[in-house]
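Have a look at the structure below before the remarks.
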Amino acid sequence: MKELTCSPHIHSSETTAKIMWSVVIALLPATLASIYFFGLDALRVIIVCIISCYIGEVVSHFVFNRKLKSFDGSEVVTGLLLAFVLPPSIPLWMAGIGGFLAIFLVKELFGGIGFNIFNPALAARSILTVSFPLEMTQFTAPLSYRVDAITTATPLGIIKEGIGGQLPSLWQMFIGNRPGCLGETSILLLVIGAIFLLCRKIITWHIPVSYILTVVVITSIAGQNPIFHILAGGLVLGAFFMATDYVTSPITPKGKIIFGIGCGIITSLIRLKGSYPEGVAYSVIFMNMFVPLIDRYTLPKKFGAIKK
Amino acid sequence: MFQGGVKLVDFKEISKDKVTEDFPAPEKVIIPLSQHTGIPSKPVVKKGDTVLKGQLIGENAGFISSATHSSISGTVAGIENCSLPGGRISTAIIIENDGKDIPVEPVNRNWQDLKPEEIISIVRDSGIVGMGGAAFPSAVKLTIPKGKKADYVILNGCECEPFLTADYRVMIEETDKVVEGLFIICKAIGVKKGYIGIESNKRDLVPLLREAITKFVSEVVVEIKVLPEKYPQGSEKHLIKSVLNKEVPSGGLPVDVGCVVFNIQTALAIRDAVCEGIPLIERVLTVTGLVRNPKNLRTRIGTPVSKILEYCGVELKENTKIVIGGPMMGIQIHTTDIPVIKGTSGILVLPQEFLPEKIQPCIRCGKCIEVCPMRLVPAELGKYAENQKWERCNEFNVSDCIECGCCSYICPAKRPLVDLFKWAKVEIRKAGTK
Amino acid sequence: MKLIEPKNFFAGIWKENPIFFLMLGLCPLLAVSSSLKDALGMGIAFIFVLTGANITVSLIRRFVPSHIRIPVFIVVIATFVTIADYSLAAYLPKLHRNLGVYLPLMVVNCIILGRAEAFASKNNILNSALDGLGMGLGFTLAIVIIAILRELPGQGTLFGIRTFGENYKPFLIMIMPPGAFFVIGFLIALKNSIGGRKRC
Amino acid sequence: MKKKDIIIGLLIIFIITSLSGYLLAQVYKVTKPKIEQQKKDEGQKLYKEIFPEGVEFTEEKEYIAVYDDEKKLLGRIYHIVQAGYGGPIVIKAGFDTEGKVKGVRILEHSETPGLGAKITEKSFLNQFAGKSGKKLYLKKYDKEGTIDAITGATISSKAVSDGVIKIQEKIKAEGKINETD
């Protein structure tokens, strides 16, 4: 007898793999920009991250007896995003450890795709930041690979420490000609990728808009230039690509807005009052923990719910 | 307009312009006694009896029950069990055709002269049930419970399921009768306002319907509502929301917001029963999909599906599946010996998808929440059902799910959400009756 | 029960290990396992307090009415903890400083109170002493293993001696609180996969 | 519960508490001198590290005065708490009578391990010895500064240097520097 399937008998053509590869496509422009600004260093870090993510997947397949799933591109996304939040000059073995931990520790240990609590890329970055603080805070100046690599402070670092180095102009920061993590610098190309995702309806406006707006409001109140705060640091990368990660963000539109506002508040607080110059990674990870709670209290009201 | 839902490619061109053909009465019909929601009807014939077309063979067995009639003339060959779509088994009366097709004596009535109670009793005796799929006895719907009041009747012409065109053909070919049916229903319930809801892909019906309405002199005002194409527009509760902007309370009935909804073909059947005394013995259905000759067929109740497929030129292959109903809510059948029943709106031949291999874990994309017309959280519900946490399912209102299939359709991980919810509902009901 | 039963001693070390099986007393375990030296000191102090408290509780078990047993246990435990505290401060001041607040916090450690309540108040002195020694050794074993697994990668040293050479880049997270959680999680998983899963 | 039970319970608790109190008192008696000696030794060791020439260290109100074996005042050791990167940094810094730094030690801090925590390393702290005035500034912050910040931990380094400078200014203001300078 034939195996019967339940209704519906037609399905949309969207698949997990398609979504993942779309994210990869959306990240491509910024990837190219990072290679342009930081040279082969950037390319090497990206390749190492992606490969180590795969290694993590294969190892967890053996350790947890898990079915090795088909090539759905989620490791490429994680690897790419991890590479994007690492400094270009990071030793490759560190990037490798990061990629492996992102998949093995942060994702597979919690049950694999769909079950992780924290954003794998950002959690791995945080592990690397506390483990190797020196290497994780050394940033090379953009385009300096053509002569010889110079270490310099990021715009946010300059503001935080109050000394040394000249702030890049807003335009330079917009196109990405500034020191910083590998993929976070080119706001222009990140936004192009983000628009692609918005048009593909893979991400919604809720989290990025509420996130960035909150940062704008708080930094303006604090008397700082909000445009500077958008362009400097990883806010755009975080708001469009990290905080919107399906698995680790709330599922309802209302919850997404709350999540974005929470991220924005924590990011601004860390930037303005905290000891780190940048707070996107920690704020997203922090808010990740609240996702089940937010989900619980932002359930949509069911159709025909009796009004009390 | 209701929230959620999906926009589907409707595939209606395949059979949209095929004029309804009469499917010749088969040599043998299998008429199940449980074609409707509620108690099965009680057989009143025995093996060897001769029956006429339209003769009562199963009588009403309770309040929520319905009568059953023979759809051909011939002899009763036996009373046996037969399987129905969805794995149900029902007692069925098998009648061998004598080829004469002798009907019971026709009547000619003018509905204007009838009292509402008389109309309702005719409807009950004629075995009319909702023909959109749910097969709820129409007479029960026409009887407004005490303490409640109906102000509107809505005729459901949405046919929001892709592929299906039977209702559309009926509305084109039998416009007058359908509209007359609506007036009869209004009279039976005693309301002054009727609506006909159609989706915008059937806009060409508007002048036809409008013309038909003018043919009847009545105090009832009928309005045609052209609604945007969005699945599941044809769901009773969502149609009411779209037409009247009222939400039927959870667990309630349409009549709680003063409204009663009937399917197009049900209206036609009511009209035929009231004016001509013809009980429900045939219906129009669409045969489409991977079919050489897609058709809209007027078929006798009890015709085996295999005969229809043969007629339309369907070769059964390993990689095809037969679905009774539309692609979103229809039920796949394992054998073509199943008869056409009152709620069969279409027979669909689709390619078999080997879904179980494609199922992946939920990635919480939230698309199912966006599309759920009942505003539930299918993603979470699915996880609870998968882990057999029935109390949690109940807490998250799985019982409100209308099984429209939007969530499963949209899910990028191809999770069998509807399947899980059906399971959860069964388990909850089991726990409830213990 | 017999006067002396050796299995009471071994239960604490492996089968009913207070950390990996009972999952009690995780606070000092997480806090002072970042270096092997401190961990060993903590372990020894722990064995002393646990054995002493067990013996004393067993000794007085017949005189203490059940409704005041908990305060009495606390007083007994606090006495031993204070003795340990003074002695360490007097003779091993550096270790005393490294253990910091976690030494006095032993007073409320659930392993010690738990053993007093669950074992020592129901068994004779010898068995209670064995139980205290076993449980204490189990705790020490656990904290030492965790300390090795944290100090080695986290500082590149063992007992303060460099093991991986000058060029080793310490994996600092291992000597921070998260590292303790990682290690303890993996060890519990390992124990469960070897010794059968604990059914809850 | 009967009254008798309560009284018996109280009695037992009283006996046990008294016994343990007595025991602890004995232990305390034995260990107290040891503990005090340890504390003193520790302090002396630290002062000696900061001020190797010093022989006698006496605690004054705001500082610790350092004398040589002929009771001549050599300098003072100050204590200051400065906000660092991860929290307060407790610094002890010794100055000779001319106002030059003799030595700097960090007592407590909560800087990032592997980064800011390097302020406790001698290679960093020894930079201060023998310096005074603007030379105590970090190179990054002042043209005349001579202190190299720890790579990647400018804020922690600056906190130490700021702390030392603050004491220096205080000494100057209080006129505790010999006019010979």
Side-chain angles (χ1 to χ4, degrees), chain A residues 48 52 56 59-60 62-66 82 85-87 89-112 115-138 275-276 281-282 285-286 288-289, chain C residues 19-20 23 26 29-36 38-39 98 142 145-158 160 162-200:
Chain A
V48 167
S52 57
V59 168
S60 52
F62 287 112
V63 174
F64 305 127
N65 262 336
R66 200 160 282 159
L82 173 63
V85 291
L86 295 177
S89 59
I90 187 171
L92 293 181
W93 63 269
M94 274 182 204
I97 288 184
F100 176 78
L101 290 180
I103 296 295
F104 183 79
L105 195 71
V106 186
K107 197 168 171 189
E108 294 296 333
L109 213 54
F110 284 89
F115 295 97
N116 47 313
I117 299 169
F118 299 108
N119 185 316
L122 288 182
R125 180 202 141 97
S126 302
I127 293 175
L128 292 179
T129 311
V130 291
S131 295
F132 310 109
L134 188 59
E135 287 77 4
M136 288 296 291
T137 46
Q138 302 275 297
S275 39
Y276 284 104
Y282 288 115
I285 286 193
F286 188 75
N288 281 165
M289 293 190 288
Chain C
I19 301 300
F20 299 135
M23 309 213 187
L26 296 181
L29 185 81
L30 296 170
V32 293
S33 61
S34 61
S35 86
L36 185 53
D38 299 351
N98 285 346
I145 292 173
I146 292 167
I148 292 173
L149 292 178
R150 288 180 70 189
E151 193 183 339
L152 261 183
Q155 282 182 321
T157 62
L158 205 57
R162 281 209 169 275
T163 41
F164 294 143
E166 282 301 316
N167 285 329
Y168 176 72
K169 279 245 175 272
F171 195 48
L172 285 170
I173 200 167
M174 296 308 286
I175 53 162
M176 293 193 207
F181 283 108
F182 292 161
V183 172
I184 199 171
F186 276 110
L187 285 178
I188 289 170
L190 195 69
K191 192 203 175 230
N192 281 347
S193 70
I194 298 171
R197 202 191 174 99
K198 183 187 173 189
R199 299 261 167 246
C200 305

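Quick note on labels: first sequence line is chain A, next is B, and so on, each numbered from 1.
The contact between Pro170(C) and chain A is made entirely by backbone atoms, counting heavy-atom distances below 4.5 Å.
Between chain C and the residues Pro91(A), Ser131(A), Ser126(A), the largest count of heavy-atom pairs under 4.5 Å involves Ser131(A). The greatest number of non-hydrogen atom pairs below 4.5 Å with chain C, out of Ile127(A), Leu134(A), Leu128(A), Ile97(A), is found for Ile127(A).
Environment of CZ in Phe286(A): sparse, with no more than 12 heavy atoms of neighbouring residues, nucleotides or ligands closer than 6.0 Å. Counting heavy-atom neighbours within 6.0 Å of Phe181(C) CZ, excluding the residue itself, gives a total of 12 or less.
Between Phe186(C) and Phe104(A), the ring planes are parallel. Angles under 30° get that label, and only those over 60° would be called perpendicular.
Side-chain contact between Val130(A) and Ile173(C): present, with at least one pair of heavy atoms (C-beta onward) separated by less than 4.5 Å.
The two atoms that bring Trp93(A) and Lys169(C) nearest to each other are CH2-CB, 3.8 Å, heavy atoms only.
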